[in-house]
Peer 1: 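This is the structure, below, for whatever I ask next.
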Amino acid sequence: MSRLRNYQLFSKINLDIRIVKAEGLPAMDKSGTSDPFCTFTFSRRKKKTRTIKKTLDPVWNTTFSFINVPTQKLDPQLEILTYDWNLFSSNDYIGRSVINLKQLFHNVTFTDQGLSAHGLACPIMGANKESQGKLFIVITFKIIQLSPPPKMTVGESIDIPTSRCGRMLLTLKSQVESTSIVDVDLSAIAFLKSKPEKAVFPVYYANKEIDGLKYIGRDTPKMPGFYQVLLEVEADPLRLNYDIVVFIVSISKSIEDENDIVKFSDLSTCEVQLMDPDHLKSIMKLQLNDIHGTCAILGVLDISDTINSTFVYNPQLYPKKNTNYIPHHWGDIYGEVLQYVKNNHIQSLKYFSPQDKIMLLKKGETLGFQQIHEIAPTFLESFTIGLGWDMKGTEPIDLDASVIMLTETNDSQIVYFRKKTSDDNAIKHSGDNTTGEGEGDDEQIQVELFNVDPKYTHLAVVITSFKGDKFSTLENAYTRLFTGTNSTFLRYDLDDLGDYTAIVVGIFHRTKEGWSFEASGFPAKGTEPCDLVECVQNMF
């Protein structure tokens, strides 16, 4: 089950409890029948059905409605008691039925109308736990409708009281009715005004959290249909390290045909909404399915003020007119995002070009020399490999980034924390980070590919767990290639690392055309880079 399905979207819900009927009740009267009714207590309110006389299979079909029910207070056990009514004596107890509302709500899936109905056939258990028939019930959860958002024009802003708004959500709903299978997604990039040179680390499907900015998850079906994505912003923890957040929505290439360009206008539905779910308030709603683009900056959330956060509605659509380049994710418009922030919010932002792009590689993909050269002609002359990771628990793990240099005859040299510089001075290790603490890259390796000794034809970037701790305790692990202070060129996110202690992140191969980079993502066993030499040799 995805993080999105487990996520508690709203803090309050409307609830209907409909007692439909009972079957197979015992005869409590001399006539061989009963006069049954049901009663229960929910949200401190006692409810009771009408009495239906002289039957063992009563049909009540009675609905009890409860509004603004706090989801955290859903009773783990809702008891519905069934009795036989007596005129001149106490009512006779028939039995009880138990429903776990909390567990039921945890697994709900809502329709487009915000409803989730569950028909239940609950056993009626007597005082001695004997079967006394069945009670048929329908539980319906209803999403409370949000207050409509104000109409905003480009450049307008809206204040959000931070003191009473603990979290904000950015949601994406999109629907495809054609046979194309596409992937529509949200991402966010946080900035700190006082440190404009600070490296940018986005939150998206592969890098799910920084401080109070979380990528909750997405439901992406394997067939044409409905998509839903969710980002959460908690202003207070996020404000400790950042003060503005840029929101981006993008649509990828068709999964069946990468040459098939799918735009927002090709979708039957594409709706982005910023909301305050705890106060049932919609802050901004934007319809994208009437515009011809593949990527868009939606606006900026300024959280620098402790009293009011401010959302500035200033959408920018890509691709721009008179350009042949089609962007499909935040990395494709990375430099444009930085220029957008510089123009509107942080004038001192530096170390970038509007043409900067970040290629997001997936496991098994290879980037050739010509591809690299076309996008960043001088990149391979001198760059840095940055590796980072977060810990799921509180115990630090000592991970080491290293480069294994191999010749065609499998001679090797390793650059790591014990040998920080290669013999040709082309590769330099920044030093060992034994805890993974601190923001940004945990370890860095500087590389000058054109100065690498010609006898070395393969350079493998590897990560090992020095104490043998398993990678299953890691999250948000990545490697990035960048030049200068902030110009990331390529990013490769490592996920599903499992119970391994080492991984071959990627390999640079020397070819006739020049150097290429392969995103390997190959898990292995080992605690030092020397343990992986044979593994790397067997990979080509």
Side-chain angles (χ1 to χ4, degrees), residues 199 351 367 369 372 376 378-389 397-467 477-492 494 501-511 514-520 522 524 526-537 539-540:
Y351 301 127
L367 197 63
F369 175 81
I372 298 174
T378 63
F379 178 78
L380 293 177
E381 295 178 6
S382 177
F383 63 93
T384 301
I385 305 171
L387 300 107
W389 52 83
I397 292 182
D398 184 3
L399 299 183
D400 300 309
S402 313
V403 173
I404 299 174
M405 308 172 66
L406 290 174
T407 66
E408 288 296 334
T409 56
N410 283 335
D411 292 330
S412 64
Q413 178 185 170
I414 302 175
V415 179
Y416 66 130
F417 67 92
R418 289 197 175 102
K419 179 181 171 60
K420 297 180 182 178
T421 305
S422 61
D423 293 341
D424 52 21
N425 290 316
I427 303 176
K428 298 178 181 179
H429 196 291
S430 64
D432 190 22
N433 182 336
T434 61
T435 65
E437 293 182 349
E439 60 185 32
D441 300 329
D442 293 302
E443 291 193 6
Q444 293 183 347
I445 301 172
Q446 296 177 350
V447 180
E448 296 177 355
L449 279 180
F450 295 150
N451 290 329
V452 172
D453 190 321
K455 68 180 181 180
Y456 292 106
T457 53
H458 307 283
L459 309 177
V461 182
V462 302
I463 301 176
T464 51
S465 177
F466 185 70
K467 297 179 181 178
Y478 68 88
T479 182
R480 68 185 185 112
L481 310 185
F482 66 96
T483 58
T485 304
N486 194 34
S487 184
T488 300
F489 164 66
L490 181 147
R491 183 182 175 103
Y492 171 40
L494 310 169
T501 58
I503 186 169
V504 181
V505 176
I507 304 176
F508 289 93
H509 301 284
R510 192 195 296 268
T511 67
W515 289 94
S516 65
F517 179 76
E518 175 189 357
S520 307
F522 187 82
T527 58
E528 293 201 31
C530 57
D531 300 331
L532 273 68
V533 171
E534 184 176 353
C535 171
V536 174
Q537 290 171 341
M539 292 179 67
F540 43 81

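As the structure is a prediction and not an experimental result, all values here were calculated from the model.
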Peer 1: With Asn451, which residues qualify under side-chain hydrogen bond (donor to acceptor under 3.5 Å, both in side chains), at least two apart?
Peer 2: Glu448
Peer 1: With a 4.5 Å limit on heavy-atom distance, are the side chains of Phe466 and Thr527 in contact?
Peer 2: no
Peer 1: Please report the interatomic distance CZ(Phe508) to CZ(Phe517), rounded to the nearest 0.5 Å.
Peer 2: 5.0 Å
Peer 1: For the pair Met539 and Ser520, evaluate side-chain contact (heavy atoms from CB on, under 4.5 Å) and give the outcome as yes or no after the intermediate values.
Peer 2: CA-CA 9 Å; Met539 292 179 67; Ser520 307; 3.9 Å; yes
Peer 1: Could you measure the distance from the OH atom of Tyr456 to the CE atom of Met405? Nearest 0.5 Å is fine.
Peer 2: 5.5 Å
Peer 1: Determine whether Phe522 and Cys535 make a side-chain contact, defined as any pair of heavy atoms from C-beta on separated by less than 4.5 Å.
Peer 2: yes
Peer 1: Which residues satisfy the side-chain hydrogen bond (donor to acceptor under 3.5 Å, both in side chains) test with Ser422, sequence neighbours excluded?
Peer 2: Asp424
Peer 1: State which residues pass side-chain contact (heavy atoms from CB on, under 4.5 Å) with Lys467; sequence neighbours excluded, sorted by chain then number.
Peer 2: Asp469
Peer 1: I'd like to check the side-chain contact (heavy atoms from CB on, under 4.5 Å) partners of Asn425; sequence neighbours left out, ordered by chain and number.
Peer 2: Thr421
Peer 1: Could you give the distance from NZ (Lys428) to NZ (Lys420), rounded to the nearest 0.5 Å?
Peer 2: 13.0 Å
Peer 1: Kindly compute the distance separating NE2 (His429) from CD (Glu443), expressed to the nearest 0.5 Å.
Peer 2: 4.5 Å
Peer 1: Do Val452 and Arg510 have side chains that approach each other closer than 4.5 Å (heavy atoms only, starting at C-beta)?
Peer 2: yes
Peer 1: Which pairs with one or both residues in residues 405-419 pass salt bridge (Lys or Arg N to Asp or Glu O under 4.0 Å), sequence neighbours excluded?
Peer 2: Arg418-Glu528, Lys419-Asp423
Peer 1: Measuring only between side-chain heavy atoms, which start at C-beta, is Ile427 closer than 4.5 Å to Ile445?
Peer 2: yes
Peer 1: Working to the nearest 0.5 Å, report the span between OH of Tyr416 and SG of Cys530.
Peer 2: 6.5 Å
Peer 1: Does some side-chain heavy atom of Ile463 sit less than 4.5 Å from a side-chain heavy atom of Asp400?
Peer 2: no
Peer 1: With rounding to the nearest 0.5 Å, note down the distance linking CG in Leu532 to OG1 in Thr464.
Peer 2: 7.0 Å
Peer 1: Residues two or more places apart in sequence or in another chain: which of them pass side-chain contact (heavy atoms from CB on, under 4.5 Å) with Gln537?
Peer 2: Leu406, Asn410, Val533, Glu534
Peer 1: Counting only N and O atoms by type, is there a donor-acceptor contact under 3.5 Å from the side chain of Ser430 to the main-chain atoms of Gln444?
Peer 2: yes
Peer 1: So which of Ile507, Val462, Leu459, Val461 actually passes side chain to side chain contact (heavy atoms under 4.5 Å, CB included) with Ile404?
Peer 2: Val462
